[in-house]
Structures are given as structure tokens and as C-alpha cells.
Amino acid sequence: MSIIEEVLAANEGYAGSFNLGHLPMPPRRKLAVVACMDARLTIEPMLGLKTGEAHIIRNAGGIVTEDVLRSLIISHYLLGTEEFMIVNHTDCGMMTFKDEELRKKLGQTTATPAVGLSFQTFGDVEENVRQQIQTVWSHPRIPKSILVRGFIFDVKTGRLKEVRAEKASAA
Ligand SMILES: [Zn+2]
């Protein structure tokens, strides 16, 4: 049995006792979280969030990409979120390889050359969080009134540590 078959069977049980069909679309706690896709991060229990309370936007590294910005803009303007939280973590896979290595690997295993592909790997998780905060702050479509804070989740202890970024004086 494939894993997808297994999870479909689990969904039967979930749907059997599902009672959240009344929830409205806008996140009740007006929070959007940008987090790494790492399987050891389960965002809702980590932050005490329930279904319907926050937007969770995830990708490899918890990077504020163009597509994450697209989601944040929709999250704020159409669905009313007012606080954005960026969550990276210790032992992130994005620190274990370099863009160039993966490009080379892809070049060897597929017929299509991987030139120009960016995976946005990083070497320093604190610096990476700061950079993601700056990317949100500096975006012309994200209002300055939105509270943006960044954190590193420790995969060994389950604890979040805040990373503070300096607001550029020109902003
Ligand atoms: Zn990660």
C-alpha cells in the first residue's frame, strides 16, 4: 500500500468526526506564519494554534520568496492578517548543501540543464531569518503597520528563539 493510500484511509477517520465545517475563511487570530517545510516542525501545536486561526505558508528553508510575498499580500489584504511570523529552525537541510551542488546533480540526472536555478540555500540560520524579515519589511506592498518577527525553532528542545533584525533607517 502506498503512503497516499494510508493517509487516505486516515482521512476517512478524520472526516468521520469532523466538526469544523462552520469555520469562516479569515484566520481568527489574524496571524500568518512562514515556516520551513521540515517534517519535524508541526506548526499548529508548536504555536498553540487551532484550525482556522492562522495562515501557515511553508517551503524549503522558510524563505520569503516571490510566491510567499504573493500569499502574504493575499493574507493581509483579503483575509485580514496583521502579524507575520517567520520560523526557521536548527539543523535545517538548507544548510547541508550548496545551490551549485544540487544544480550539478540535476545536470547529471536529467536531460535539462539546471543553469540559473536558485534553491536559496544558506549557511547561517540567524542571518537567514534576518534576511527574510528584511525582505518583508522592504516590500512596497506590505504595510509598515504589520508586525514582523522572526524565530529559530530548536528541533531538539521544541523551543523558539527570537532573532531580531534592525530596521533600516531609510525605510
Ligand atoms: Zn528546514
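Reckoned from all heavy atoms, side chains included, excluding hydrogens, waters and symmetry mates. These numbers come from a predicted model, not from an experiment.
Residues Phe97 and Thr121 form a side-chain contact, since some pair of their non-hydrogen atoms from C-beta on lies under 4.5 Å apart. Annotation: side chain of Ile56 is in contact with side chain of Leu49 (closest heavy-atom distance under 4.5 Å). Here the side chains of Val34 and Leu72 are in contact, with some heavy-atom distance below 4.5 Å. With a 4.5 Å cut-off on side-chain heavy atoms, Leu79 and Pro27 count as touching. Side chains of Met85 and Leu31 form a contact here, defined as non-hydrogen atoms less than 4.5 Å apart. Here the side chains of Cys92 and Phe153 are not in contact, with every heavy-atom distance at 4.5 Å or above. Side-chain contact between Val125 and Thr90: absent, with no pair of heavy atoms (C-beta onward) separated by less than 4.5 Å. With contacts defined as side-chain heavy-atom distances shorter than 4.5 Å, the pair Ile133/Arg149 does not qualify.
Within 6.0 Å of CD1 in Ile4 there are 12 or fewer heavy atoms belonging to other residues, nucleotides or ligands. Annotation: Glu66, atom CD; neighbour count of heavy atoms from other residues, nucleotides and ligands within 6.0 Å does not exceed 12. For Met25, the CE atom counts as loosely surrounded, since its 6.0 Å shell holds 12 or fewer non-hydrogen atoms of other residues, nucleotides or ligands. Applying the 6.0 Å contact sphere to CD of Glu166 captures no more than 12 heavy atoms from other residues, nucleotides or ligands. Heavy-atom contacts from other residues, nucleotides or ligands closer than 6.0 Å to CZ of Arg40 number more than 12.
Residues Lys161 and Glu126 are paired through a salt bridge, judged by an N-O separation under 4.0 Å between the basic side chain and the carboxylate. Salt-bridge formation is not detected for the pair Glu83/Lys30: no Lys NZ or Arg NE/NH1/NH2 atom is positioned less than 4.0 Å from an Asp or Glu carboxylate oxygen. A salt bridge links Arg103 to Glu100: at least one charged side-chain nitrogen sits closer than 4.0 Å to a carboxylate oxygen. Under 4.0 Å is where a charged nitrogen must lie from a carboxylate oxygen, and between Glu101 and Lys98 no such pair does. One finds no salt bridge joining Arg58 and Asp38 here, because no Lys/Arg side-chain nitrogen approaches an Asp/Glu carboxylate oxygen to under 4.0 Å.
If you take CD1 on Ile152 and CG on Asn88, they are separated by 7.0 Å, rounding to the nearest 0.5 Å. Separation of atoms CG (Leu23) and NZ (Lys50) is listed at 11.5 Å; rounding is to 0.5 Å. Here the straight-line distance linking atom CE of Met46 with atom NE2 of His89 works out to 9.0 Å at 0.5 Å rounding. Rounding to the nearest 0.5 Å places CG of Leu47 at 9.5 Å from OG1 of Thr42. One finds the CG atom of Leu8 at 9.0 Å from the CE atom of Met1 (value rounded to the nearest 0.5 Å).
A donor-acceptor pair is defined here as one N or O able to donate and one able to accept, closer than 3.5 Å; such a pair exists between the side chain of Asp99 and the backbone of Phe119.
Clustering ILVMFWY residues whenever any of their side-chain heavy atoms sit less than 4.5 angstrom apart, transitively, puts Ile142 in the very cluster that holds Tyr77. Each of Val129 and Leu160 belongs to its own hydrophobic cluster when Ile, Leu, Val, Met, Phe, Trp and Tyr are linked at side-chain heavy-atom distances under 4.5 angstrom. Clustering ILVMFWY residues whenever any of their side-chain heavy atoms sit less than 4.5 angstrom apart, transitively, puts Leu41 in a cluster other than the one holding Met37. The hydrophobic cluster containing Ile57 does not contain Ile74, counting ILVMFWY residues as joined when their side-chain heavy atoms lie under 4.5 angstrom apart, directly or transitively. The hydrophobic cluster containing Phe151 does not contain Val148, counting ILVMFWY residues as joined when their side-chain heavy atoms lie under 4.5 angstrom apart, directly or transitively.
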* To do: Apply the test side-chain contact (heavy atoms from CB on, under 4.5 Å) to residues Ile63 and Phe122: give CA-CA distance (whole Å), side-chain angles for both, the deciding distance (0.1 Å), then the verdict.
  => CA-CA 10 Å; Ile63 308 287; Phe122 51 87; 4.1 Å; yes
* To do: Determine, stepwise, if the pair Glu12 / Tyr14 fulfils side-chain contact (heavy atoms from CB on, under 4.5 Å).
  => CA-CA 5 Å; Glu12 282 300 318; Tyr14 179 74; over 6 Å; no
* **Worked verdict on Arg130 versus Val163 for side-chain contact (heavy atoms from CB on, under 4.5 Å)** => CA-CA 7 Å; Arg130 262 183 230 110; Val163 175; 3.9 Å; yes
* Evaluate the criterion side-chain contact (heavy atoms from CB on, under 4.5 Å) for residue pair Val136 and Phe84; output intermediate values, then yes/no. => CA-CA 9 Å; Val136 179; Phe84 296 167; 3.8 Å; yes
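Relative to the ring axis of Trp137, Lys144 does not place its NZ or CZ within 45° and under 6.0 Å from the centre.
A side-chain hydrogen bond (donor to acceptor under 3.5 Å, both in side chains) with Ser75 holds for exactly one of Arg70, His55, Glu82; it is His55. Among the candidates Val64, Asp67, Val68, the single residue satisfying the side-chain contact (heavy atoms from CB on, under 4.5 Å) test with Asn59 is Val68.
Nearest approach of Lys156 to Asp154, heavy atoms of both residues: N-OD1, 2.8 Å. Considering all non-hydrogen atoms of both residues, Gln132 and Gly62 come closest at CG-O, 3.7 Å. Of all non-hydrogen atoms in Met94 and Ala60, the two that sit nearest each other are CE-O, 3.7 Å.
Side chain to side chain, His76 and Thr81 fail the donor-acceptor criterion of an N or O pair below 3.5 Å.
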